[in-house]
Amino acid sequence: MVKLRALEPSDLDILYSWENDDRVWFSSSNTRPVSKQTLQFFIDSINDIYTDKQVRLVIEHENTPVGCVDLFDFEPLHQRAGVGIMIDENHEGKSLAHEALKELQNYAFNQLGLHQLYCNVSQNNERSIHLFNRSGFMHTATRKEWVKEGKNWYDQFIFQCFNNSK
């Protein structure tokens, strides 16, 4: 249903739109707009997970970019990486995020040889909690009052998924 691919120069406009959508800033801890120049540098320079400790992949559905998924804080020694995912609001509710996470797990576990993936999700992000639970991640810890949105404090849940094929 979906495929993951590397960022291409032609992704600049859609990436600019996604990164500057302040509705998703809370989930990513972003606090300001991002310039096209900064994003072009990111597209041009982030290309080796072993050097950069991160990689962003575009999620495609029917040859259309519908979101992106990130591996970050890549730790080859400890064989783990963090996961972030974003689906364009026009493509939500189609199980594309779930399919993309399965593809990412396959890549991380079978190509990179990772032992585990983890993610951090705010307690008020019910869609992400459901997504990660559905995709085989387990809630393993809670950081109390970890993130602030407006005047409210929210717990942050840590989810982990382990490579069971080893």
Side-chain angles (χ1 to χ4, degrees), residues 1-4 7 15 17-34 42 46 49-50 52-61 65-166:
M1 219 164 108
V2 302
K3 78 173 190 175
L4 304 180
L7 286 169
L15 195 59
S17 170
W18 292 336
E19 289 289 335
N20 288 296
D21 182 350
D22 61 3
R23 291 171 296 175
V24 299
W25 286 359
F26 176 71
S27 295
S28 67
S29 297
N30 193 8
T31 58
R32 63 178 176 77
V34 179
F42 180 76
I46 302 294
I49 192 167
Y50 288 93
D52 303 320
K53 306 300 182 201
Q54 65 179 340
V55 66
R56 173 167 291 175
L57 302 170
V58 172
I59 303 166
E60 273 193 355
H61 174 62
V66 297
C68 54
V69 64
D70 297 327
L71 290 177
F72 60 90
D73 293 342
F74 174 65
E75 288 281 346
L77 175 64
H78 302 293
Q79 299 175 314
R80 67 177 175 240
V83 175
I85 188 165
M86 191 282 311
I87 297 291
D88 185 286
E89 68 177 341
N90 297 318
H91 298 279
E92 291 177 347
K94 301 176 184 176
S95 293
L96 301 176
H98 174 69
E99 294 298 322
L101 275 180
K102 289 298 180 191
E103 290 294 317
L104 185 70
Q105 288 167 311
N106 182 53
Y107 170 68
F109 294 151
N110 297 321
Q111 298 297 318
L112 298 175
L114 296 184
H115 171 66
Q116 70 171 289
L117 297 172
Y118 67 90
C119 66
N120 305 309
V121 180
S122 178
Q123 77 182 79
N124 65 333
N125 190 341
E126 293 178 16
R127 291 184 91 160
S128 288
I129 291 168
H130 175 74
L131 168 65
F132 285 104
N133 277 324
R134 181 177 175 216
S135 300
F137 285 70
M138 298 176 298
H139 176 200
T140 58
T142 300
R143 294 177 172 138
K144 302 303 284 178
E145 297 184 13
W146 195 257
V147 292
K148 184 178 180 190
E149 182 179 19
K151 294 182 180 184
N152 300 314
W153 288 94
Y154 295 98
D155 294 349
Q156 184 183 71
F157 300 147
I158 299 171
F159 288 86
Q160 292 174 276
C161 177
F162 295 91
N163 183 353
N164 295 321
S165 66
K166 289 186 174 187

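Side chains are part of it too, since the values below use all heavy atoms of this structure and drop only hydrogens, waters and symmetry mates. Everything numeric in this text was worked out from a predicted model, so none of it was measured.
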Distance in Å, F109 CZ paired with L117 CG, rounded so as to fall on 0.5 Å steps: 4.0 Å

I87 side, atom CD1; W18 side, atom CH2 - distance, nearest 0.5 Å: 8.0 Å

Side chain to side chain, L15 and R56, heavy atoms closer than 4.5 Å: yes

Within-4.5 Å side-chain heavy-atom neighbours: Y50 and L112: yes

Where R127 and E92 come nearest, the two heavy atoms and their spacing: NH1-OE1, 2.9 Å

Heavy-atom closest contact (P65 atom, V58 atom, distance): CB-CG1, 3.8 Å

Separation between CZ of R143 and CD of Q123, rounded to the nearest 0.5 Å: 14.0 Å

Evaluation steps, side chain to side chain contact (heavy atoms under 4.5 Å, CB included), between D73 and Y118: CA-CA 10 Å; D73 293 342; Y118 67 90; 3.3 Å; yes

Nearest heavy-atom neighbours spanning L114 and A81: CD1-CB, 3.9 Å

Which atom pairs, one a donor and one an acceptor, fall under 3.5 Å between side chains of residues 94-104 and the rest of the protein, sequence neighbours left out?
from: S95; atom 1: OG; to: R134; atom 2: NH1; distance (Å): 3.4
from: H98; atom 1: ND1; to: S135; atom 2: OG; distance (Å): 3.0
from: K102; atom 1: NZ; to: S135; atom 2: O; distance (Å): 3.4

Pairwise side-chain contact, I85 with F132, heavy-atom cut-off 4.5 Å (strictly under): yes

Straight-line distance of I59 CD1 to M86 CE, nearest 0.5 Å: 7.5 Å

CG on N124 to CZ on F157, rounded to 0.5 Å: 9.0 Å

Listed partners of K151 passing side chain to side chain donor-acceptor pair (under 3.5 Å), at least two apart: none

Atom of F74, atom of I49 and distance for their closest heavy-atom approach: CD2-O, 3.4 Å

Salt bridge (Lys or Arg N to Asp or Glu O under 4.0 Å) partners for R80, two or more places apart: none

Nearest atoms (heavy-atom pairs only) where E145 meets W153: O-CE3, 3.3 Å

Sub-4.5 Å side-chain heavy-atom contact between N133 and F159: yes

C161 to G136 - nearest heavy-atom pair and separation: SG-O, 3.8 Å

Value rounded to 0.5 Å, distance of OH in Y107 from CG in L4: 10.0 Å

H115 side chain reached by F162 side chain, heavy atoms, under 4.5 Å: yes

Pairwise side-chain contact, V83 with L71, heavy-atom cut-off 4.5 Å (strictly under): yes

